Asker: 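Handing you this structure, nothing more for now.
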Amino acid sequence: QVQLVESGGGLVQPGGSLRLSCVASGFPFSVSAMSWYRQFPGKERELVAGIGVTGGATTYAGSVKGRFTISRDNAKNTVYLQMNSLKPEDTAVYYCRGRGTYWGQGTQVTVSS
């Protein structure tokens, strides 16, 4: 059974930081590309960041480049999203995606003073 379990979301002030984690099981994580998406109310999910199987290749949405960092630990079947300099417009539900197929349940990130 495939599972992607996100954690680390919450309420943070503008300029603050959060680190999201996604623990994967049920599929070969170490040979799977992973990514983070987010969804604003009433909008479709959009790609935030992606990472290749070794972690050497990453891609970012223009709106988060330089502020967010995606990384992975294949020994722990975990992918991370370090989010710095958060802005109110980063407020969304963040989802982990595995292998281009599997989705987590999402974690809410709210940036507000």
Side-chain angles (χ1 to χ4, degrees):
Q1 180 183 359
V2 172
Q3 279 194 311
L4 292 168
V5 181
E6 301 104 332
S7 62
L11 174 64
V12 63
Q13 292 188 342
S17 297
L18 283 174
R19 187 175 83 153
L20 305 183
S21 300
C22 171
V23 180
S25 61
F27 66 96
F29 179 86
S30 64
V31 294
S32 300
M34 299 296 296
S35 52
W36 286 96
Y37 281 70
R38 65 186 179 186
Q39 188 169 24
F40 303 112
K43 302 287 188 179
E44 293 189 356
R45 292 178 191 181
E46 63 177 37
L47 178 67
V48 175
I51 189 166
V53 298
T54 64
T58 57
T59 186
Y60 296 93
S63 58
V64 307
K65 197 172 293 185
R67 300 188 298 122
F68 291 11
T69 303
I70 188 171
S71 61
R72 65 189 297 158
D73 185 338
N74 286 345
K76 296 182 178 179
N77 279 17
T78 301
V79 61
Y80 304 97
L81 185 68
Q82 178 67 44
M83 305 186 294
N84 299 329
S85 302
L86 282 160
K87 305 175 181 180
E89 51 264 43
D90 293 317
T91 295
V93 179
Y94 285 72
Y95 295 90
C96 177
R97 191 179 189 191
R99 212 172 174 83
T101 302
Y102 309 118
W103 292 98
Q105 81 287 352
T107 186
Q108 175 71 46
V109 171
T110 302
V111 185
S112 175
S113 54

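Since we're looking at a predicted model, the values are computed, not measured.
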Asker: So, for Asp90 and Ser85, which heavy atoms are closest and what is the spacing to 0.1 Å?
Answerer: OD2-O, 4.4 Å
Asker: Classify the angle between the aromatic ring planes of Tyr37 and Trp103 as parallel (below 30°), tilted (30 to 60°) or perpendicular (above 60°).
Answerer: perpendicular
Asker: Can you see which heavy atom on Val79 is nearest to which on Ser71, and at what distance?
Answerer: CG2-O, 3.2 Å
Asker: If you take all heavy atoms of Gln105 and Val5, which pair is closest and at what distance?
Answerer: OE1-CA, 3.8 Å
Asker: More than 12 heavy atoms of other residues, nucleotides or ligands under 6.0 Å from CD of Glu44: yes or no?
Answerer: no
Asker: Please lay out, stage by stage, how Val64 and Arg38 fare under the test side-chain contact (heavy atoms from CB on, under 4.5 Å).
Answerer: CA-CA 11 Å; Val64 307; Arg38 65 186 179 186; 3.9 Å; yes
Asker: If only atom types and distance count, is the side chain of Thr91 paired as donor or acceptor with the main-chain N or O of Val111 below 3.5 Å?
Answerer: yes
Asker: Within the side chain of Gln82, is there an N or O that forms a donor-acceptor pair under 3.5 Å with the backbone of Thr69?
Answerer: no
Asker: Working to the nearest 0.5 angstrom, can you tell me the gap between Thr107 OG1 and Tyr95 OH?
Answerer: 10.0 Å
Asker: Any side-chain heavy atom of Ser21 within less than 4.5 Å of one from Lys76?
Answerer: no
Asker: So, do Lys87 and Arg67 sit near enough that their side-chain heavy atoms are less than 4.5 Å apart?
Answerer: yes
Asker: Given the rule that I, L, V, M, F, W and Y join up when any side-chain heavy atoms are under 4.5 Å apart, are Ile51 and Tyr60 in one cluster?
Answerer: yes
Asker: Mark yes or no: Arg72 above the aromatic ring of Phe29, with NZ or CZ under 6.0 Å from the six-membered ring centre and no more than 45 degrees from the axis.
Answerer: yes
Asker: Any chance you could lay out the side-chain contact (heavy atoms from CB on, under 4.5 Å) test for Met83 and Val109, step after step, and finish with the verdict?
Answerer: CA-CA 10 Å; Met83 305 186 294; Val109 171; 3.8 Å; yes
Asker: Please check: side-chain N/O of Glu6 versus main-chain N/O of Cys22, any donor-acceptor pairing under 3.5 Å?
Answerer: no
Asker: Closest heavy-atom contact between Gly98 and Phe27?
Answerer: CA-CZ, 4.3 Å
Asker: Heavy atoms, side chains only, cut-off 4.5 Å: are Ser17 and Val12 in contact?
Answerer: no
Asker: What closest approach, in Å, do Leu18 and Leu86 show between heavy atoms, and which atom pair accounts for it?
Answerer: N-CD1, 3.9 Å
Asker: Drop me the distance from Met34's CE to Tyr102's OH, to the nearest 0.5 angstrom.
Answerer: 11.0 Å
Asker: Donor-acceptor pair, Asn74 side chain versus Val53 backbone, under 3.5 Å?
Answerer: yes
Asker: Taking all atoms of both residues into account, what is the closest heavy-atom pair of Gln108 and Thr110, and its distance?
Answerer: NE2-OG1, 3.3 Å
Asker: Do the side chain of Arg99 and the main chain of Ser32 share a donor and acceptor less than 3.5 angstrom apart?
Answerer: no
